[in-house]
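Whatever order the structure lists them in is the order used to number ligands and atoms, beginning at 1. We're numbering straight along the sequence, starting at 1. Bear in mind that the values here come from a model prediction, so they are computed numbers and not experimental data.
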Amino acid sequence: MLPTMMFVIDTAGLVLRLFLLLPIYRIKVNFLDFVRYAKMMNITRQLRPSLAKALMPTAMRAMSADSKLVELTMNEKTGIATVTMNRPPVNSLNLELLQGLLKAFEGLEDDRKCRGMILTSSSPTVFSAGLDIMEMYKPKPDRVKEFWTTLQDVWLALYGSSFPTVAAINGHSPAGGCLLSLCCEYRIMCPNYSIGLNETKLGIVAPKWFMSSMLGAIPYREAELALTSGRMFSTDEALKIGLIDEVASDKADAIAKSEKFLSQFAKIHPIARKLTKLNLRHSALEWMQENKELDLNIFISFVGQPIVQKSLEKYLEGLKAKQAK
Ligand SMILES: CCCCC/C=C\CCC/C=C/CC(=O)SCCNC(=O)CCNC(=O)[C@H](O)C(C)(C)COP(=O)(O)OP(=O)(O)OC[C@H]1O[C@@H](n2cnc3c(N)ncnc32)[C@H](O)[C@@H]1OP(=O)(O)O
């Protein structure tokens with residue numbers, strides 16, 4: 001009798017607290033939200049055994065991301081998903097890889113069991129080489145539009161994800177690769193690699209939202225110096241300025257450290273955590289939502305400039321020449 005009464009009182013309290021929060025943040029709450037909340041408040045033990053069992057995850061699950069370019073696994077026990085970029089040799093972000101990432105992030109957003117996400121790479125030496133330069137060099141009009149729009153959507157989905165995110169940076173991470181990691185809330189990097197927004201070195205300009213992502217991690221002065229010079233940082237230098245948060249000895253250690261970081265959120269109210277993150281990121285997210293079209297038009301006209309095409313051509317030649325040596 002007493003446990004039943006306690007359960008009823010707890011439940012009423014929960015519902016009341018949820019409804020007090022709702023008008024402020026205009027959150028839609030349904031039964032599943034309630035179950036998540038209840039689970040977090042550790043009352044699942046008081047629910048019907050069958051429901052409690054259904055809420056208890058069991059094993060590691062490979063989820064369908066419908067793309068070999070992106071592997072998605074879910075640890076059913078912890079609710080931590082791992083998204084692995086798998087586009088050899090360097091995970092350069094072409095349209096298809098971006099589409100795979102978008103699908104994975106959106107799928108996790110809809111997955112009530114997702115408690116956090118680790119973003120990493122299947123390459124032994126490269127996290128991501130950034131945007132695939134071939135998407136911007138002599139671009140086809142329709143494809144380049146879709147390419148940029150998908151990149152914007154990936155940024156919105158990752159930077160604005162409601163679940164906590166960590167980048168396990170197990171290799172070099174220039175430009176767009178660095179951007180992906182900056183969208184995550186925490187960065188753990190393996191030694192002796194490089195990371196940074198090096199766009200000016202290619203004769204191109206990092207868009208405003210690339211810059212605001214960097215400003216979320218390092219102080220303005222450091223960002224100004226890094227962005228204008230297109231500086232790439234070693235793992236140790238990146239740690240010193242706060243571009244990364246931790247160094248891991250290898251990929252397995254980076255994953256273990258990522259899981260440890262994410263596990264702290266088991267004790268934090270998920271709605272409070274999510275709203276705090278989204279409030280902090282609100283102005284950058286809102287800017288993008290309201291300026292997608294403008295940003296696309298700037299990009300299209302920018303990459304269409306002969307001088308930009310020339311810079312990209314030279315940069316590609318440099319990469320090929322390096323390969324030939
Ligand atoms: C006023 C407002 C203006 C607004 C403007 C709007 C938009 C413009 C800005 C657009 C933003 C762009 C951001 C980007 O991400 S640009 C891409 C920048 N990326 C890089 O600079 C990285 C280049 N790559 C490397 O440095 C190295 O490849 C590496 C990642 C360190 C790995 O080195 P390694 O393992 O030695 O591999 P290789 O160098 O031999 O490369 C293997 C293979 O891959 C090709 N490749 C490498 N990177 C890219 C890439 N980003 N895109 C396409 N292809 C790439 C390389 O050419 C080799 O190919 P081959 O095997 O065919 O020779």
Side-chain angles (χ1 to χ4, degrees), residues 69 85-98 101 120-139 141 143-152 154-155 158 167 169-183 189-214 226-235 238 287-288 291-325:
L69 301 176
M85 292 177 278
N86 181 35
R87 182 169 185 250
V90 292
N91 282 329
S92 59
L93 300 161
N94 71 345
L95 174 60
E96 288 73 20
L97 177 51
L98 289 171
L101 286 172
T120 191
S121 154
S122 66
S123 156
T125 54
V126 182
F127 177 72
S128 163
L131 302 190
D132 190 327
I133 296 167
M134 298 313 293
E135 295 282 12
M136 299 179 285
Y137 179 60
K138 298 186 179 167
R143 183 167 169 108
V144 76
K145 270 190 191 167
E146 198 179 350
F147 167 71
W148 195 256
T149 308
T150 309
L151 179 66
Q152 292 173 330
V154 165
W155 183 86
L158 185 56
I169 309 165
N170 57 321
H172 297 293
S173 189
C178 177
L179 177 74
L180 288 181
S181 77
L182 286 168
C183 289
M189 188 166 167
C190 297
N192 305 320
Y193 294 119
S194 57
I195 183 166
L197 293 179
N198 62 336
E199 281 77 359
T200 54
K201 287 232 170 87
L202 284 77
I204 56 180
V205 181
K208 180 184 164 71
W209 38 291
F210 283 43
M211 299 190 195
S212 57
S213 305
M214 183 175 248
L227 284 161
T228 49
S229 62
R231 179 167 170 191
M232 292 294 291
F233 295 86
S234 68
T235 303
W287 183 90
M288 174 61 98
N291 293 285
K292 273 182 90 176
E293 187 85 17
L294 172 73
D295 181 69
L296 171 67
N297 291 337
I298 291 173
F299 171 71
I300 298 294
S301 82
F302 187 82
V303 291
Q305 305 287 325
I307 192 169
V308 173
Q309 286 299 308
K310 198 78 210 153
S311 293
L312 292 175
E313 186 176 295
K314 276 203 155 165
Y315 194 74
L316 275 169
E317 279 168 12
L319 281 174
K320 303 276 171 211
K322 184 190 107 185
Q323 181 86 330
K325 274 185 196 164

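With Phe127 as the fixed residue, the side-chain contact (heavy atoms from CB on, under 4.5 Å) test singles out one of Ser173, Cys190, Cys178: Ser173.
Nearest non-hydrogen protein atom to atom 6 (C) of ligand 1 is Phe299 CD1, 3.8 Å. The protein heavy atom nearest to atom 28 (O) of ligand 1 is Leu319 CD2, 4.1 Å. Ranking the protein heavy atoms by distance from atom 40 (O) of ligand 1 puts Gln323 OE1, 2.6 Å first. Nearest protein neighbour of atom 53 (C) of ligand 1, counting heavy atoms only, is Asp132 OD1, 3.2 Å. Scanning the protein for heavy atoms near atom 11 (C) of ligand 1, the closest one is Leu131 CD1, 3.7 Å.
Residue Phe302 approaches ligand 1 through these ligand atoms, each under 4.0 Å from one of its heavy atoms: 3 (C), 5 (C), 8 (C). Distances below 4.0 Å separate heavy atoms of Gly176 from the following atoms of ligand 1: 14 (C), 15 (O). Of all the atoms in ligand 1, the ones that sit under 4.0 Å from a non-hydrogen atom of Gly130 are 15 (O). In the vicinity of Val126, heavy-atom distances shorter than 4.0 Å reach the ligand 1 atoms 32 (C). Taking a cut-off of under 4.0 Å to the non-hydrogen atoms of Ala175, the atoms of ligand 1 that pass are 13 (C), 14 (C), 15 (O), 18 (C). Every atom of ligand 1 is numbered from 1 in the order shown, and the set under 4.0 Å from a heavy atom of Ser92 is 50 (C), 52 (N).
Between the side chain of Arg87 and the backbone N or O of Ser92, at least one donor-acceptor pair lies under 3.5 Å.
For Ile204, every heavy-atom contact with ligand 1 shorter than 4.0 Å involves the side chain, none the backbone. The part of Val90 lying near ligand 1 is the side chain, judged by heavy-atom distances below 4.0 Å. Residue contacts with ligand 1 for Ile133 involve both N, CA, C or O and side-chain atoms from C-beta outward (heavy atoms, distance under 4.0 Å). Under 4.0 Å from ligand 1, the heavy atoms of Asn198 that appear belong solely to its side chain. Of all the heavy atoms of Leu93, none lies under 4.0 Å from any atom of ligand 1, so neither backbone nor side chain is involved. Heavy atoms of Pro174 found under 4.0 angstrom from ligand 1 belong exclusively to the side chain.
A donor-acceptor pair shorter than 3.5 Å can be found between the side chains of Ser121 and Asn91.
In this structure, His172 and Tyr193 have perpendicular ring planes: the angle between them is above 60°, well past the 30° mark.
Scanning Lys322, Gln305, Lys320 for the heavy atom closest to atom 62 (O) of ligand 1 points to Lys320. Of all the listed residues (Glu199, Glu317, Lys208), Glu199 holds the heavy atom that lies closest to atom 13 (C) of ligand 1. Atom 16 (S) of ligand 1 has its nearest heavy-atom neighbour, among Leu179, Val303, Leu202, Asn94, in Leu202.
Looking at every heavy atom in both residues, Ala175 comes nearest to Glu199 through CB-OE2, 3.5 Å. For the residue pair Gln309 and Pro139, the shortest heavy atom distance occurs at NE2-CD, 3.8 Å.
Aromatic ring centres of Trp287 and Trp155: separated by at least 6.0 Å.
Crowding of Asn192 atom CG: a count of heavy atoms from other residues, nucleotides or ligands under 6.0 Å not exceeding 12.
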